[in-house]
Number of protein chains: 2
Amino acid sequence: MSGLTAHGFFRAIVQTRGNLALQAYGEFCGMKGKATSFDIAYLAGVSQSTVSRALRDSPAVNQETKDKIFAIAKQLNYKVDKNASNLRKQCSGTLALLLFEDPTVDDSQINPFFLSMLGSITRACTKRGHDLLISFQQLSNDWHADYEDSKKADGIILLGYGDYIDYEEKLQQLLAQQTHFVCWGAQVEGHPEFTIRSNNREGGRQAATHLLELGYRSFAFIGIASDHAPEFFERYQGYLEVLAEHGIRPQDVPQFDAISTEQAGYSATQQLFAAGHRPRAIFTASDLIAIGVIRAVQAAGLRVPEDVAVVGFDDIPMASFCTPPLTTIQQNTTLAGEMLVVNLLKLIAQESISQTEIEPKMIVRRSCGSTQVTSTS
Amino acid sequence: MSGLTAHGFFRAIVQTRGNLALQAYGEFCGMKGKATSFDIAYLAGVSQSTVSRALRDSPAVNQETKDKIFAIAKQLNYKVDKNASNLRKQCSGTLALLLFEDPTVDDSQINPFFLSMLGSITRACTKRGHDLLISFQQLSNDWHADYEDSKKADGIILLGYGDYIDYEEKLQQLLAQQTHFVCWGAQVEGHPEFTIRSNNREGGRQAATHLLELGYRSFAFIGIASDHAPEFFERYQGYLEVLAEHGIRPQDVPQFDAISTEQAGYSATQQLFAAGHRPRAIFTASDLIAIGVIRAVQAAGLRVPEDVAVVGFDDIPMASFCTPPLTTIQQNTTLAGEMLVVNLLKLIAQESISQTEIEPKMIVRRSCGSTQVTSTS
DNA sequence: CTGAAAGCGCTTACAG
DNA sequence: CTGAAAGCGCTTACAG
C-alpha cells in the first residue's frame with residue numbers, strides 16, 4: 001500500500017543490490033515520511049500481517065522471522081503508528097487528567113497539592129505503560145471531558161473542583177455518557193468506587209486531638225464548611241466531633257469561609273478578628289489557607305504559636321518552610337496518585353475496586369507549640 | 001459503513017417514525033458504541049463527506065445543511081474520532097512534554113521549578129488548542145522520544161537533563177531523526193533556535209552586583225560549574241566576571257559541586273566549611289541548593305544573613321517561605337512556558353523563530369541582609 | 001506458522 | 001454546494 005510509486009522504486013533497487021540498498025531504502029524513508037509495516041514486510045520478504053504480528057511479539061510467529069523483522073524495523077527506526085493502531089484497536093493506552101482550579105487572582109500559580117498529585121499520577125501512568133494527557137479546566141461551559149468520546153483517552157482522572165454543587169452536575173453528565181472516570185476527593189452519588197479520598201473526618205479528628213492534648217481550650221476553623229466543599233466540610237465535622245467529646249460546643253467554634261488560597265486564609269482571619277474572636281487555636285482546611293492565617297495573625301501583632309496555634313491540611317512542600325514550620329495533616333499524594341491510576345485502569349478493564357480511602361497522618365512541626373516534632377528526613 | 005446491521009435496523013425506524021426515532025437512534029448509539037459521521041449522514045439525509053465538511057465548518061457547505069448536521073451531532077453527542085482524523089491528516093494536535101529529573105533519593109518530589117514550568121506549559125498548550133502529553137524520563141536507555149515517530153505528538157518539549165554530556169547525545173539523535181523539538185536551558189549545537197533559556201550569565205552578574213553593593217568582599221559558589229551543567233556554569237561565570245571587575249580573582253572564590261537538590265546544597269556547604277573556607281556571601285546555582293546551604297550554615301552555628309549571605313536562583317514558591325526569605329534571581333516561568341510552546345509550534349509550522357532568551361530578575365528578600373526588599377504582592 | 005482481505009472512522013482530491 | 005471513492009497504517013478474524 002504505502003509508497004506504491006516511490007517506495008516501489010526503492011524496492012526494485014533492494015532486490016538487485018541487497019543489503020547495502022536496505023540502508024538506502026532506510027535513508028529514503030528517513031527523508032520523506034516514516035517507514036510503514038509494508039516497507040518492512042517488503043524488505044523481509046513476508047506479508048504485512050506477519051510484520052504486524054512479529055512486532056507485537058505474537059507467539060504465532062517463527063522466531064527467525066521475528067528476528068529478521070525486528071532487525072529491519074530497528075534499522076528503519078520504525079515505530080508503530082499509534083493513530084492507526086488505536087483506530088483499529090479502539091483504545092488509546094492513554095489516560096487524561098483534568099485539573100480544575102479554584103479561581104485565583106494570579107492564575108499562574110497552581111495549587112501545590114495538586115502539583116504533587118500530578119507528579120505521582122504521571123509516575124503511576126508511566127509505570128503502567130500508559131500515556132497521560134493533561135488539561136486545565138476553567139470550569140466554564142467547555143468541559144474537555146470529551147477526551148474519551150473523541151478516543152484520545154481510555155479514561156479520565158478528575159482533580160479539583162471549584163464549587164462542588166456546580167461540579168456535581170458535570171459528574172452526572174459523565175455518568176450518563178458512561179465515561180470511565182475517577183475523581184479525587186468528591187464523592188459521586190451512588191458510586192463510591194469512582195472516588196479516591198482521604199479520610200478527611202479522621203484528619204479533622206487528629207487535628208482537634210493534637211490541639212486538645214497541647215492544652216488549648218478555645219478554637220476556630222477557617223475554610224468553607226458546607227456542601228460546596230465536601231472535603232473541607234468533613235475535616236470541619238471531624239474537628240467539631242472531637243471538640244464536642246471534650247465539652248466544646250460547635251457554636252463556640254467560630255468558622256469563616258475560605259477557598260484554598262493564602263489570600264482567602266488571610267481575609268478570613270481578618271474577619272475572624274474583626275468579629276471579636278480571639279481563639280487560641282485555629283484549624284484550617286488546607287496548608288495554603290494556613291499560611292494565609294499565619295500571616296494574618298502575625299500582621300495583627302500576634303505570634304504563632306505563642307498566641308495562636310495553627311494546624312494546616314495537606315502537607316505541601318511549603319509547609320516545612322514557613323515560619324514557624326507548619327503542623328499539618330498529611331495526605332499521601334504518592335499513594336493517592338497511584339490509586340487513582342490503578343482504580344481507573346480497573347474500571348476500564350471492568351475489574352472490581354477494593355480500596356478507595358487513604359489514611360491521613362499528623363505531621364507535628366512548630367506552629368502549635370509542641371516540643372515533639374515529627375522527624376522527616 | 002458503520003452498523004450495517006444494527007444501525008441499519010434503526011435507520012428503518014427513523015424513516016417511518018421521524019423525529020422521535022432520532023432520539024431512539026441516539027440512545028441506541030449511546031448504549032453500544034459511539035455514533036459516527038455515517039450515522040449523522042444517514043439521519044441528515046446527506047453524504048458522509050458533507051457531514052465531515054460541515055463539522056469542520058467548511059465554507060463549502062450550505063448553512064442550512066450545516067445547521068441540521070450540527071443539531072444531530074449534538075443530539076447524538078457525537079465527537080470526531082481523533083485517531084481516525086489524525087491518521088488521515090497525519091498530525092495529532094498534541095505536544096509531548098518530556099521531563100528529565102536529577103536523580104534524587106526520594107524521587108517522589110519533583111523539582112518545583114519544573115513544576116511551575118509544567119503549569120505554564122500546560123496553560124500555553126490549552127490556550128492554543130493543543131493537548132499535552134506528559135512523561136517523566138529516567139534518562140536511562142529508553143527515551144520515549146518516539147512520541148513523534150509514533151505519531152502521538154507533533155513535537156516535543158524537553159525539560160531538564162541529568163548530566164548534560166550524556167544528554168547531548170540524545171539531542172543529536174533527535175536532530176538526526178528530524179524530530180521537532182525545543183528544549184529548556186541546554187543549547188543544541190548549531191541550533192540556537194531550538195532552545196529557550198534565561199540569560200544565565202546576566203543572572204550571575206546580578207547576584208554578584210547585589211552582594212558587592214551590600215559590601216561583601218569574600219565569596220563562594222555552590223553548584224556544578226562545568227559543561228555537565230551548562231546553565232549553572234553560565235551563572236557561575238557571570239558571577240565571577242563581575243567579581244573580577246571588582247578585583248576579586250576567580251581562584252579566591254571557592255566553588256563546590258552540587259546538583260539541584262537541598263541535600264546536595266547541604267553537603268557541598270559542609271565540604272566548603274571542612275576545607276576551611278568562611279565566605280561572607282554564597283551564590284548558589286538554584287533555590288533548592290540555596291535552601292540546603294542555609295540549613296548547613298545554620299547547622300554550623302552561623303546565622304543567615306548576619307554571618308553568611310545567600311543568594312539563590314529560580315524563585316520557586318518556597319523561596320519566599322524559608323527562614324530567612326531567600327533573595328534570588330527569578331526566572332519567569334510563565335513567559336518561559338509560553339515561549340517553549342509558541343516556538344515549538346512555529347518550528348512545526350516551519351516558521352522562523354525570533355525570541356529565545358528570557359531576562360532574569362533580581363528578587364531581594366532577607367537572606368543577604370538588604371533592607372530594600374522587592375515588593376511582591 | 002503465514003497470507004489475503006476486511007475494516008477501524010475519518011479527510012480530501014476529484015468530478016459533477 | 002454535494003457525493004462517490006480512495007486511502008491514512010494498522011489489527012485481526014478467516015483460511016490454509
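Below, chains carry the letters A, B, ... as their sequence lines are ordered, and counting in each starts from 1.
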TODO: Determine, stepwise, if the pair A:Cys183 / A:Val188 fulfils side chain to side chain contact (heavy atoms under 4.5 Å, CB included).
DONE: CA-CA 8 Å; A:Cys183 55; A:Val188 184; 3.8 Å; yes

Nearest-Å distance for atom pair [atom1]/[atom2], residues [X] and [N]:
X       : N      : atom1 : atom2 : answer
B:Asn83 : D:dC10 : CG    : P     : 13 Å
A:Asp39 : D:dC10 : CG    : C1'   : 13 Å
B:Asp81 : C:dG7  : CG    : C1'   : 13 Å
B:Lys82 : C:dC10 : NZ    : C1'   : 11 Å
A:Lys89 : C:dG7  : NZ    : C1'   : 16 Å
B:Glu64 : D:dT2  : CD    : P     : 9 Å
B:Phe38 : D:dA5  : CZ    : P     : 12 Å
A:Ile40 : D:dG9  : CD1   : C1'   : 12 Å

TODO: May I ask you to decide whether B:Lys127 forms a salt bridge with B:Glu338, counting only side-chain N to carboxylate O separations under 4.0 Å?
DONE: yes

TODO: Identify, with sequence neighbours excluded, every residue that meets side-chain hydrogen bond (donor to acceptor under 3.5 Å, both in side chains) alongside A:Asn343.
DONE: none

TODO: Only counting residues at least two apart or in another chain, list the ones meeting side-chain hydrogen bond (donor to acceptor under 3.5 Å, both in side chains) with A:Asn62.
DONE: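 With neighbours one apart ignored, the set is empty.
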
Task: salt bridge (Lys or Arg N to Asp or Glu O under 4.0 Å) involving A:Lys68 - partner list, sequence neighbours excluded - done: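 Result, salt bridge (Lys or Arg N to Asp or Glu O under 4.0 Å) vs A:Lys68: none returned.
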
- [ ] Return the set of residues passing salt bridge (Lys or Arg N to Asp or Glu O under 4.0 Å) with B:Arg56 (not counting sequence neighbours), or none when no residue passes.
- [x]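 Applying salt bridge (Lys or Arg N to Asp or Glu O under 4.0 Å) to B:Arg56 gives none.
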
Open item on the list: Nearest heavy atom decides the nucleotide; on that basis, is B:Tyr78 or A:Gln63 closer to the 5' end of DNA chain C?
Closed with: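 Result: A:Gln63.
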
Open item on the list: For B:Lys151, give me all partners under side chain to side chain contact (heavy atoms under 4.5 Å, CB included), at least two apart in sequence or on another chain.
Closed with: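 Partners of B:Lys151 by the side chain to side chain contact (heavy atoms under 4.5 Å, CB included) criterion, ordered by chain and then number, come out as A:Lys34, A:Asp81, A:Asn83, B:Gln90.
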
Can I get a per-line list of side-chain donor-acceptor pairs under 3.5 Å for residues 344-351 of chain A, giving both atom names and the distance, sequence neighbours left out?
none

- [ ] Would you mind telling me which residue lines up with the more 5' stretch of DNA chain D, B:Ala60 or B:Ala84, judged by nearest nucleotide?
- [x] B:Ala60

Between [X] and [N], is there a side-chain N or O to OP1/OP2 distance below 4.0 Å?
X       : N      : value
B:Arg56 : C:dT12 : yes
B:Gln90 : D:dG7  : no
B:Ser37 : C:dC10 : yes

TODO: Choose from D:dC1, C:dT12, C:dC10 the nucleotide whose nearest atom is closest to any side-chain atom of B:Asn62.
DONE: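 Of all the options, the side chain of B:Asn62 is nearest to D:dC1.
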
Task: Shortest side-chain distance from A:Ser85, nucleotide among D:dC8, D:dC10, C:dC10 - done: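 Closest of the options to the side chain of A:Ser85: D:dC10.
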
Open item on the list: My understanding is that only residues two or more places apart in sequence, or in another chain, count here; which of them pass ring-ring contact (aromatic ring centres under 6.0 Å, His included) with B:Phe194?
Closed with: B:Phe181, B:His191

TODO: Quick one: the dot-bracket string of DNA chain C, using Watson-Crick and G-U wobble pairs with both distances under 3.5 Å, [ ] for crossing pairs and | for bases paired to another strand.
DONE: |||.||||||||.|||

Task: Whole-angstrom distance between D:dC10 and D:dC14, as gauged at atom P - done: 23 Å

TODO: Could you list by number each residue of residues 44-55 of chain A showing a heavy-atom separation from DNA chain C of less than 4.0 Å, or answer none if no residue does?
DONE: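 Within residues 44-55 of chain A, the residues near DNA chain C are A:Val46, A:Ser47, A:Ser49, A:Thr50, A:Arg53.
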
Open item on the list: Would you say CD of B:Glu189 has more than 12 non-hydrogen atoms from neighbouring residues, nucleotides or ligands within 6.0 angstrom?
Closed with: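 No, not enclosed.
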
